[in-house]
Amino acid sequence: LMLALENLSAGLESLSYLSSRSLVFAANTAYFLFHPIPSLAFILYADHLIHPMSKSEPFVKRYILVYFLLNTVFVSTNLFIHGLLQLETRVFELFTVTDSGRYLRGSCFTGYMLFLYLPIVYALLYLCTRVARMDRKERFTLFFFPVPAILGSLLQLFVPGMNLVWPGACLSILILHIHMQVRELNEDYLTSAYNRRYLDFYLNARIRSWTPSRILAGLMIDMDDFKGINDRFGHETGDRALVCAVDIMRRALRHVDMVA
């Protein structure tokens, strides 16, 4: 969607003799309205990884809602003042469009770009303060996620005309998608505990790297009378019992340990 809006805006500007000022302004307004969504979605995904079995922290959703509303108000104000009224003022000037259909950055554009970095900074700080709850394999993927988009935005900020933000964001999303696919291959769908496939891989790797100075220990747990839960309360309750059991095990272990 963002790539389509960016290409639409650039295409309308390049064909200004065929398109009106209103079309260019509308396309760019839609572009900036939707601009924060990928970074806000990244915050939700990070929160889900940290709290896979429980509700997300309330302030996370409040932050996302407040940020999205602020962005909507600012972009809409720019549309109203500089698009509809066409006032000659630099107040709330995110961008403007000339009568010939040429897009121009406004006086607030640099400040707005800094505003767009806030969700990424927030997400990284959120992850840093909860790094102990994260699996080691997830840390690199999550912390690397914003890097391509940040590099693309910096280049685009200092070199107008280069469209590098969303190609970088697409690369980040591709990395995250591969990470999610790997998780689906290695984890149980219901409980998010590691499956037998990953357990075999993990044990083989640990055994190969084992030395007498290191301790390798495992614990096999059997849930007594689990069939009775299914028979008496139904399979849905039995599923919730499995999820709760895995959650209890995770809370009792260190972040370097694993449940499979």
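If you read the sequence from its start, that first residue is 1, and numbering goes on from there.
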Between [X] (side chain only) and [Y] (backbone N and O only), is there a donor and an acceptor less than 3.5 Å apart?
X: D247; Y: V243; answer: no
X: N71; Y: Y67; answer: no
X: H82; Y: R90; answer: no
X: D188; Y: T191; answer: yes

Next item on the list: Determine the interplanar angle of the H35 and Y112 rings, folded into 0 to 90°, and report it as parallel if under 30°, tilted if 30 to 60°, perpendicular if over 60°.
Entry: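 If you compare the ring of H35 with that of Y112, the planes turn out perpendicular.
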
Next item on the list: Take the angle between the ring planes of F32 and F95 and call it parallel below 30°, perpendicular above 60°, tilted in between.
Entry: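 Ring orientation, 0 to 90° scale: parallel.
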
Do [X] and [Y] come close enough that some side-chain heavy atom pair is under 4.5 Å?
X: P36; Y: L116; answer: yes
X: L94; Y: F74; answer: yes
X: F42; Y: I120; answer: no
X: F59; Y: V66; answer: no
X: V60; Y: I64; answer: yes
X: L79; Y: F25; answer: yes
X: F68; Y: L65; answer: no
X: D200; Y: R196; answer: yes

Is [X] atom [atom1] crowded by more than 12 heavy atoms from other residues, nucleotides or ligands, each under 6.0 Å away?
X: E88; atom1: CD; result: no
X: Y117; atom1: OH; result: yes
X: F109; atom1: CZ; result: yes

Considering all heavy atoms, the nearest [X]-[Y] contact:
X: G168; Y: P148; result: O-CB, 3.3 Å
X: A149; Y: S172; result: N-OG, 4.0 Å
X: A241; Y: F226; result: CB-CE1, 4.4 Å
X: F115; Y: L70; result: CZ-CB, 4.2 Å

Checklist line | Partners meeting side-chain contact (heavy atoms from CB on, under 4.5 Å) with L174 (sequence neighbours left out) | finding: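 Partners of L174 under the side-chain contact (heavy atoms from CB on, under 4.5 Å) test: I178.
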
Margin query: Quick one about Y189 and N195 (side-chain donor to acceptor, distance below 3.5 Å, no hydrogens or angles considered), yes or no?
Written below: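 No, no side-chain donor-acceptor contact under 3.5 Å.
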
State the [atom1]-[atom2] distance between [X] and [Y], to the nearest 0.5 angstrom.
X: R208; Y: N204; atom1: CZ; atom2: CG; result: 5.5 Å
X: M258; Y: M249; atom1: CE; atom2: CE; result: 12.5 Å
X: D231; Y: D225; atom1: CG; atom2: CG; result: 10.5 Å
X: I248; Y: L253; atom1: CD1; atom2: CG; result: 12.0 Å
X: L127; Y: D47; atom1: CG; atom2: CG; result: 9.5 Å
X: T96; Y: Y103; atom1: OG1; atom2: OH; result: 10.0 Å

Shared hydrophobic cluster for [X] and [Y] (ILVMFWY, side-chain gaps under 4.5 Å):
X: Y31; Y: V73; value: no
X: L125; Y: F143; value: no
X: I221; Y: V246; value: yes
X: Y122; Y: L44; value: yes
X: L185; Y: I175; value: no

Check: Should V121 and L124 be marked as a side-chain contact (heavy atoms from CB on, under 4.5 Å) after you check the CA-CA gap, both sets of side-chain angles, and the distance that decides it?
Finding: CA-CA 5 Å; V121 173; L124 294 177; 5.9 Å; no

Notebook entry, point to check: What side chain to side chain donor-acceptor pair (under 3.5 Å) pairs are there with at least one residue in residues 211-222, not counting sequence neighbours?
Noted result: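 Counting only pairs at least two positions apart or across chains, the side chain to side chain donor-acceptor pair (under 3.5 Å) contacts touching residues 211-222 are T211-S213.
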
Next item on the list: Give the intermediate values and the outcome of side-chain contact (heavy atoms from CB on, under 4.5 Å) for residues T237 and R232.
Entry: CA-CA 9 Å; T237 303; R232 184 176 178 182; over 6 Å; no

Item checked: Aromatic centroids of Y202 and Y194 separated by under 6.0 Å ->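 No, the ring centres sit 6.0 Å or more apart.
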
